Amino acid sequence: MGSTILSYRKLEALIEKKTKQCPFFSLSSIGKSIEGRDIWCVTIQKPALSETKIVQTRISSLRSRKKTPIVITASIHGHEATGSTALLRFLNKIQKDGESMEWLDDLIVFCVICCNPDGYVHKTRYNAEGFDINRDFITQSQPETESIVNLIVKEKPAVVLDLHGYVWKKTSHIGLIEPCTPPHNPAYEYDLYLKWALPLAQCMESYLVAEKETFSSKRFKSIQGTYIPYRDGKGGWDDYSPYCCSMYSMLHGAIGITIESPSRSEDGITWLLLALSAALTHISKQRAELNNNQAAFFQRGIKNVHPTHSTGDFPQYYVLTEKNEHHSGLRKLTRHLQKNGIKLYSSRKDFTYDGHSFPAGTTIVPMNQARANVAYCFLTKGEDLSSGSERISEFCAWSLPLSWGVNCHPVFEKLDAGMKHFKYFEKDSKPEETRAGAPVSVGILIDDGLFHKKAHSGLKLALQQMNIPFQELRAKDLASEKALSSVNVLIYNGYEHLFYPPLKIRSVYRDFVLDSLAQQEACRNNLHTFVQKGGKVIGIGAGASKALTSILELSEAEVHSGGWNKNALLQIHYKNHPITKGYPAEDTGFVYRPAWFTNTGNMKVVALFKNDPDSLLAGYWPDYDQAQGKAAIIASLSGNVILFGLEICFRGHTSYLYGLLWNAIYP
């Protein structure tokens with residue numbers, strides 16, 4: 001039997017009504033969505049203590065705090081609305097039986113009922129800008145993500161439970177409860193985490209099995225357990241990258257756990273409700289130990305002692321300097337670090353380290369601080385995981401200095417720099433600075449949600465941040481001769497499947513692609529005419545490059561690509577060309593589903609993957625040797641067709657590479 005998901009207006013109305021009716025609840029908005037909807041947080045606590053300071057803010061007070069804070073989030077993926085419904089019923093249960101719930105004596109619970117209101121309303125995985133919020137906790141480019149980050153930084157929850165759906169790995173073990181499979185992020189204190197995460201998952205599992213008669217369907221009544229990746233998996237559900245809510249919270253010492261409901265059904269909602277009840281009872285009984293555990297996590301940061309760190313000692317400091325005069329990456333990075341609870345300092349005098357000279361006023365991040373793990377995760381270059389046997393499920397190369405254009409120097413000895421507290425750089429009075437260029441009219445191809453993603457969203461954000469106006473076009477639009485009449489630059493950053501005819505696409509995605517081979521031929525002809533008349537076409541990434549060559553035949557170059565989740569930060573050799581203006585010959589690039597080019601005789605090679613295995617700085621690309629020495633960026637001799645094998649505007653994350661896009665638009 002399917003469940004009925006409330007409209008967001010009804011959901012909001014019920015939340016407001018319940019919080020007014022029950023003395024255990026208080027309601028606050030922790031932020032706004034892209035479309036202006038409130039992101040509501042219900043704080044649950046016993047009223048007798050509502051006038052006192054419940055959550056201790058000093059790290060030294062974590063062990064003795066009177067109430068242990070817990071954060072529960074739901075519907076970060078808007079179409080996974082079962083979590084929001086389960087939390088609403090959770091409030092019902094507390095309203096009815098709260099006086100007898102012993103865990104309320106020990107815990108203060110922050111319930112973010114719907115983290116992605118716009119996605120909830122539009123029944124999509126992503127927010128209104130097409131961003132997957134649960135892939136944004138490194139970059140924090142979206143307001144919905146910032147709201148949750150601010151809550152975690154402020155309240156220092158001991159446990160974060162993030163409700164999702166829908167996973168049914170095998171008949172007898174339904175749903176999923178973390179912890180995850182390897183590889184584990186070296187910035188986590190995994191011994192402290194696993195000691196509590198695995199028993200918590202097993203407790204929820206045991207309770208679900210014990211209460212299986214609560215379910216209505218035979219499939220749920222036959223439950224023998226849940227899928228716990230750490231215990232049951234062999235890879236593919238890793239916690240290496242902190243792009244997800246639960247993984248990000250682990251950098252703050254929380255026991256972060258993603259909980260995946262088995263289905264959208266009423267039993268799926270009940271499954272989540274039972275799991276939550278078991279979790280809070282278990283956490284309440286272990287609250288003193290959990291407080292001590294989180295305090296131990298922060299103390300390791302303060303003392304700069306990380307006993308399980310396997311890739312070398314944390315540095316004593318990071319020294320940050322601007323990399324490129326055309327970018328303002330340092331300002332962006334320092335604000336990002338402070339927003340995440342990192343303390344920064346400035347040097348009082350000139351100093352030297354490892355052959356480098358630094359002037360007074362240089363930004364320094366000391367690593368003997370409580371949130372050193374956050375700083376390390378964001379600032380370290382990262383690791384090359386390509387030789388590992390584990391399968392990486394998502395991207396694992398995200399160094400903020402490399403991606404945002406900042407020089408980051410790890411320092412392993414005491415500095416004689418005379419540090420003082422860091423002050424904000426002078427506030428921006430305008431958005432990201434850009435360079436002047438000749439007037440152009442830009443169009444971008446959008447995909448509306450092919451494969452439950454909006455691959456063009458990173459491109460869209462990059463253009464917005466560079467103040468470049470654009471209009472949106474769909475693949476089907478290009479079958480009309482008039483579609484390209486109002487633009488002179490067309491940019492494509494998405495899947496090649498967008499130009500497939502429907503018979504080559506699963507039925508669920510057919511609305512996003514072309515209607516026929518005849519339409520494909522019309523698109524091909526119109527694009528050729530567009531280029532012949534002086535229009536420019538820019539393709540970014542493997543999908544766009546494949547479509548523009550093998551399908552739309554704008555270039556004879558051959559496109560090669562790696563696997564879907566292969567990704568890396570690399571050293572790239574940039575040739576002297578208008579597209580590479582402002583970048584040194586040896587600089588950084590980023591790939592996701594890597595692409596490289598051969599048969600480039602009729603094209604100009606603008607950049608190359610270096611012919612050196614050590615040029616892969618961090619990430620997962622086991623067959624990188626196939627691309628070494630090959631073209632990474634190519635352009636037609638006329639300059640009217642430009643293909644990037646790099647992902648230069650990936651999820652709002654690679655802002656240092658935006659200049660390449662600017663140069664391609666404004667040569």
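Side chains are part of it too, since the values below use all heavy atoms of this structure and drop only hydrogens, waters and symmetry mates. Only a predicted model underlies this, so the values are computations on that prediction, with no experimental measurement involved.
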Student: Looking at Phe451, is Lys453 sitting on its ring face, NZ or CZ under 6.0 Å from the six-membered ring centre and within 45 degrees of the normal?
Tutor: no
Student: Please determine whether a side-chain nitrogen of the Lys or Arg among Lys323 and Asp587 lies less than 4.0 Å from a carboxylate oxygen of the Asp or Glu.
Tutor: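 Yes, charged N to carboxylate O under 4.0 Å.
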Student: Can Asn116 and Glu144 be counted as having a side-chain donor-acceptor contact under 3.5 angstrom?
Tutor: no
Student: Please determine, by modelled atom types, if Thr580 and Lys575 share a side-chain donor-acceptor pair under 3.5 angstrom.
Tutor: no
Student: Do the numbers put Arg593 on top of the ring of Tyr495, so that NZ or CZ is under 6.0 Å from the six-membered ring centre and no more than 45° off the axis?
Tutor: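 No, Arg593 and Tyr495 do not form such a contact.
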Student: Taking all heavy atoms of Pro183 and all of Leu385, pick out the closest pair and write down the distance.
Tutor: CG-CD1, 4.3 Å
Student: Grab the two heavy atoms, one from Asn526 and one from Leu484, that are nearest each other, plus how far apart they are.
Tutor: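 Asn526 and Leu484 have their closest heavy atoms at O-CD1, 4.0 Å.
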Student: Do NZ/NE/NH1/NH2 and the carboxylate oxygens of Lys32 and Asp38 come within less than 4.0 Å?
Tutor: yes
Student: Has Asp136 got a side-chain atom pairing as donor or acceptor with Asp132's backbone, closer than 3.5 angstrom?
Tutor: no
Student: In terms of ring plane angle, is the pair Phe137 and Tyr248 parallel, tilted or perpendicular, where the classes change at 30° and 60°?
Tutor: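 Tilted: the ring planes of Phe137 and Tyr248 meet at 30° to 60°.
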Student: Is it true that the side chains of Asp238 and Thr181 contain a donor and an acceptor less than 3.5 Å apart?
Tutor: no
Student: With a 6.0 Å cut-off (strictly less than), is the heavy-atom count around CD of Glu556, excluding the residue itself, greater than 12?
Tutor: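 At most 12 heavy atoms, drawn from other residues, nucleotides or ligands, come within 6.0 Å of this atom.
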Student: Look up atom CG in Leu337 and atom CG in Leu400, then write down how far apart they are to the nearest 0.5 Å.
Tutor: 7.0 Å
Student: Any luck finding a side-chain donor-acceptor pair between Thr139 and His653 under 3.5 Å?
Tutor: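 Side-chain D/A pair, Thr139 to His653: present.
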Student: Between the side chain of Asn150 and the main-chain N/O of Glu146, is any donor-acceptor distance below 3.5 Å?
Tutor: yes
Student: Checking Ser33 against Asp118: is there a side-chain donor and acceptor pair closer than 3.5 Å?
Tutor: yes
Student: Have Gln571 and Asp614 got a donor and an acceptor in their side chains that come within less than 3.5 Å?
Tutor: no
Student: Do Tyr492 and Ser545 pair up side chain to side chain, a donor and an acceptor below 3.5 Å, judged on atom types alone?
Tutor: no
Student: Side chains of Thr598 and Lys630 only: does a donor on one sit below 3.5 Å from an acceptor on the other?
Tutor: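 Looking only at side-chain atoms, Lys630 and Thr598 do not form any donor-acceptor pair under 3.5 Å.
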Student: Regarding Thr258 and Ser246, is there a side-chain donor-to-acceptor distance under 3.5 Å anywhere?
Tutor: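 There is such a pair (donor and acceptor under 3.5 Å, judged by atom type) between the side chains of Thr258 and Ser246.
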Student: Would you indicate whether Lys476, at its atom NZ, is surrounded by more than 12 heavy atoms from other residues, nucleotides or ligands within a distance under 6.0 Å?
Tutor: yes
Student: Using distance alone, with no hydrogens and no angle criterion, decide if Asp239 and His184 have a side-chain donor and acceptor under 3.5 Å apart.
Tutor: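 Side-chain D/A pair, Asp239 to His184: present.
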Student: Is the closest side-chain donor-acceptor distance between Glu586 and His573 under 3.5 Å?
Tutor: yes
Student: Could you pull out the closest heavy-atom pair between Ile634 and Ala631, with the gap in Å?
Tutor: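 The answer is CG2-CB, 3.7 Å.
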